[in-house]
Novice: 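Sharing a structure, written as structure tokens. Questions coming.
All of these numbers come straight from a predicted model, not from anything done at the bench. Letters A, B, ... mirror the listed sequences (proteins, then strands); counts begin at 1.
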Amino acid sequence: MTDDGYLRIGELSQRTGVAPALLRAWERRYGLLHPGRSDGGFRLYGDGDVDRVRRAQQLIAGGVSAAEAARLVLADADVEDDLDTPLASTPLLDAVRRLDDVGANAALDRLLARFSTDTVITDVLVPALHEIGELWARGELTVGQEHFASAIVRGRLLALGRGWDQGAGASAVLACPPGERHDIPIVMLGLGLRARGWRVTVLGADTPLESIDDAAARVGADAVVVAALMPGVLDDHADALRMLAARRRLVLAGPGASAAQAAEVGARYLEGDPIVAAGALAALVG
Amino acid sequence: MTDDGYLRIGELSQRTGVAPALLRAWERRYGLLHPGRSDGGFRLYGDGDVDRVRRAQQLIAGGVSAAEAARLVLADADVEDDLDTPLASTPLLDAVRRLDDVGANAALDRLLARFSTDTVITDVLVPALHEIGELWARGELTVGQEHFASAIVRGRLLALGRGWDQGAGASAVLACPPGERHDIPIVMLGLGLRARGWRVTVLGADTPLESIDDAAARVGADAVVVAALMPGVLDDHADALRMLAARRRLVLAGPGASAAQAAEVGARYLEGDPIVAAGALAALVG
Amino acid sequence: MTDDGYLRIGELSQRTGVAPALLRAWERRYGLLHPGRSDGGFRLYGDGDVDRVRRAQQLIAGGVSAAEAARLVLADADVEDDLDTPLASTPLLDAVRRLDDVGANAALDRLLARFSTDTVITDVLVPALHEIGELWARGELTVGQEHFASAIVRGRLLALGRGWDQGAGASAVLACPPGERHDIPIVMLGLGLRARGWRVTVLGADTPLESIDDAAARVGADAVVVAALMPGVLDDHADALRMLAARRRLVLAGPGASAAQAAEVGARYLEGDPIVAAGALAALVG
DNA sequence: ATAGGTTTTGTCAAGCTTTTGTACAT
DNA sequence: ATGTACAAAAGCTTGACAAAACCTAT
């Protein structure tokens, strides 16, 4: 930010036509600029500051008060930040903190408009949900805020998946085993598969293994994915898994499962985040 | 709502021609405006307030009493609030008329949040673009507005299609022949195919037929779709089409082609709107 | 560094017009130069030193303080040293060659995640599109591949521009004149203006000048930009341009226009790539 | 519409420091 | 050539002020 600060106040004044004293007043009163400083304390401005001052001037010329002009320019600067570091999860986290439904959806809108679903999931949502978990563990977020985040993210992801059971590609049935309540990862995995041309059926959280078998038969699944976040939830189901693996290509995923456990029941284990896992599964079957 | 309040009463007065004292009176007596306040207590108005005052002025000029005018303006505002007209293209068209990018995208957001891509294309976008064409022909829309609409719709559709060449399904190459500049229908067709599990490569408008052949070879296409809106653009390319048809499953589509013409070069003809055509092609190959 | 030292301070002073005492001061204070020494202790400068001094002079003439000028010259030298190329367009071009939509979008995702939109446009997209044009001219890319690249780039840029007509800044209407079909540059220009706080309305390629006038009135444009890539497309429109220029601040841009042509119709001409032009326009109006 | 009080905002001054080109003595 | 000195130009902070714009209440 102050990285490219190199204009002194006189030159900024020359370039914009705003008197030095006024520039200092705008800084002091409205925080319009945050120039770096030379060793001796002189203000050093960058090119972006020239833009900001010009924008403020335009607004003031248009009848807006100085204070409001500064506020608008600063708000715009947020938009710029968004343009410059679009993959940050901060806007989303802020909205979650405020329980701001509209803000959270707007943040997701911006992301999904700019980036592929794969990228948004891998680079924003997975880290964001992880961080939300940590904040909750440290007591910096309430359970309510965490639920709020989950609900919004799940809702948006499911909306993206609309119609994902249609088509002609390979078919996958995704589910969490009984006792596992975190279904967002399998929805992400489903989107990853969908992007790779698969047909996807998501059964959701806390699903009895017989139901999974039944659903797999019904849609003629080419693969069945059982994902577990929490360790141990699969422990009591070795027999059911073995049976499932005997009939379908069974895949375990998530940190609650392991390659060893998968091997034991005749399944494969997929490592990594949901998108990586989707890629691996597609490679496996394709 | 008061989020965008930034005009002070003097500027609002300047922009509307209504004296500040009168603006305050309207606020006090009829609640016409609800400006925010600065820290020091100054009123801060937003763009919407300018509109309201202007509408009230028009009504008063038309002979309505001030109290009544305020009531009407406020009632009107209420109507604007509940825009529950799910599948109508009116909000989109209104936004296009106003060259309102945000409004148009918001309208599309609402549609896409509620309905499948197929539905939005068939029931909203195709009719809307058709109507835009008619309005343009009748001189009720300018070319600029039509371009504006095309750009937004094309942009959104392409965003929906991002990543559509990935996967394991059948592969299609879509293009418009030389001279044909309307590529939105093939993008729609591509989305229809994608929803049916296909891999899609769109070459776009105005593409030489040799390029199409080259691309088809490169991606190993199972089908090649050449779509023409304007009659006659395919007339000079019978030989090239014949050659293309000899190597790939060639399909012609759009009102600029015909079943007879297709038969003549050894291709199939797909009737109907892009989604119907996608369904037909999927049935044909699947 | 000082391997070919052969200029004494008097000669360096002659060539640059900077007094010897000042050269010594710059060396002592800012470490701008590191001359070798003769046996007798005389400073011996090389060709690079002449450049450095000249660059410092230019910066100082441009209003930068001596200390900052020296810092910038030295930093510049550092940058020249490490030719990292994370900004290469090769992954994008490779993906285009393969008609690989996912690959191309992933390449753009990576770029946009790491660099500002301005940087990606100036340093990657403009050169990449230029190179694609050349490859096409040399027959190393087909028209289909070129269309494919355009569609992806245009789609991503438009996605970045979502909502760009919102805000409180100055407003610009951008369009290409009739016959000009390359609209990507104006979209880039629009993004450049957006990053500088402007509200942007893009009408697109091949737009009649009356439409532009109409749109400018509708959004209350502070500037109208008409951009032409191909020479001659503006030739038949001198009257219409003159009229436009009479009502709005009209700006011509692109290699298909010229300063002379602009002057003739009462418009300004903007040189350079779209981002440079955006900066110039912002400076003009601000 | 007026009166009387408040807020906003551009400007200025005083007293002191930093920066920088040049000059002088060694 | 070096080191020190110096003075003009440009900047910094604090505090204050006055005109313009706005407030409420009568």
Novice: Is Arg37(A) close enough to dT13(E) that one of its side-chain N or O atoms is under 4.0 Å from OP1 or OP2 there?
Specialist: yes
Novice: Is there a side chain to side chain contact (heavy atoms under 4.5 Å, CB included) between Leu191(C) and Trp164(C)? Walk through the geometry before answering.
Specialist: CA-CA 8 Å; Leu191(C) 288 171; Trp164(C) 58 8; 4.0 Å; yes
Novice: Can you pull the side chain to side chain donor-acceptor pair (under 3.5 Å) pairs that have at least one residue in residues 19-32 of chain A, sequence neighbours excluded?
Specialist: Glu27(A)-Arg43(A)
Novice: For the pair made of CG in Leu33(C) and P in dA1(E), what is the distance, rounded to whole Å?
Specialist: 14 Å
Novice: Round to the nearest Å and state the distance from Arg28(C) atom CZ to dT2(E) atom P.
Specialist: 10 Å
Novice: Could you check how far CD of Glu11(B) sits from P of dC22(E), rounded to whole Å?
Specialist: 9 Å
Novice: Hey, does the side chain of Ser89(A) reach the backbone of Leu92(A) with a donor-acceptor pair shorter than 3.5 angstrom?
Specialist: no
Novice: Arg15(B): which residues meet the side-chain hydrogen bond (donor to acceptor under 3.5 Å, both in side chains) condition with it, sequence neighbours left out?
Specialist: Glu11(B)
Novice: On a heavy-atom basis, which atom in Ala215(C) and which in Leu99(B) lie closest, and how many Å separate them?
Specialist: CB-CD1, 3.3 Å
Novice: Let me spell it out: for each of Pro20(A) and Gly10(B), pick the nucleotide of DNA chain E with the closest heavy atom. Which residue's pick is nearer the 5' end?
Specialist: Pro20(A)
Novice: Is it the case that the side chains of Asp109(B) and Asn105(B) hold a donor-acceptor pair, with the cut-off being a distance below 3.5 Å and no angle test?
Specialist: no
Novice: Given atom CD of Glu27(C) and atom P of dA1(E), what is their separation to the nearest angstrom?
Specialist: 10 Å
Novice: So which protein N/O to nucleotides 19-21 of chain D N/O distances come out below 3.5 Å?
Specialist:
unit_1: dT19(D); atom_1: OP1; unit_2: Ser38(A); atom_2: OG; d: 3.1
unit_1: dT19(D); atom_1: OP1; unit_2: Gly40(A); atom_2: N; d: 3.1
unit_1: dT19(D); atom_1: O3'; unit_2: Arg8(A); atom_2: NH1; d: 3.4
unit_1: dT20(D); atom_1: OP1; unit_2: Ala66(C); atom_2: N; d: 2.8
unit_1: dT20(D); atom_1: OP1; unit_2: Ala67(C); atom_2: N; d: 3.3
unit_1: dT20(D); atom_1: OP2; unit_2: Tyr30(C); atom_2: OH; d: 2.9
unit_1: dG21(D); atom_1: OP2; unit_2: Trp26(C); atom_2: NE1; d: 3.0
unit_1: dG21(D); atom_1: N7; unit_2: Arg29(C); atom_2: NH1; d: 3.0
unit_1: dG21(D); atom_1: N7; unit_2: Arg29(C); atom_2: NH2; d: 3.4
unit_1: dG21(D); atom_1: O6; unit_2: Arg29(C); atom_2: NH2; d: 2.9

Novice: Atom CG of Leu23(A) to atom P of dA10(E): distance rounded to whole Å?
Specialist: 16 Å
Novice: Could you state the atom-to-atom distance from CG of Leu32(A) to C1' of dG10(D) in whole Å?
Specialist: 15 Å
Novice: Considering only side-chain heavy atoms of Arg43(B), which listed nucleotide, dT13(E), dC12(D), dT24(E), is closest?
Specialist: dT24(E)
Novice: Find the distance Leu7(B):CG to dA21(E):C1' and express it as a whole number of Å.
Specialist: 14 Å
Novice: In whole angstroms, how far is the P atom of dA5(E) from the CZ atom of Arg24(C)?
Specialist: 18 Å
Novice: With a 4.0 Å cut-off, would you call Asp51(C) and Arg55(C) a salt bridge?
Specialist: no
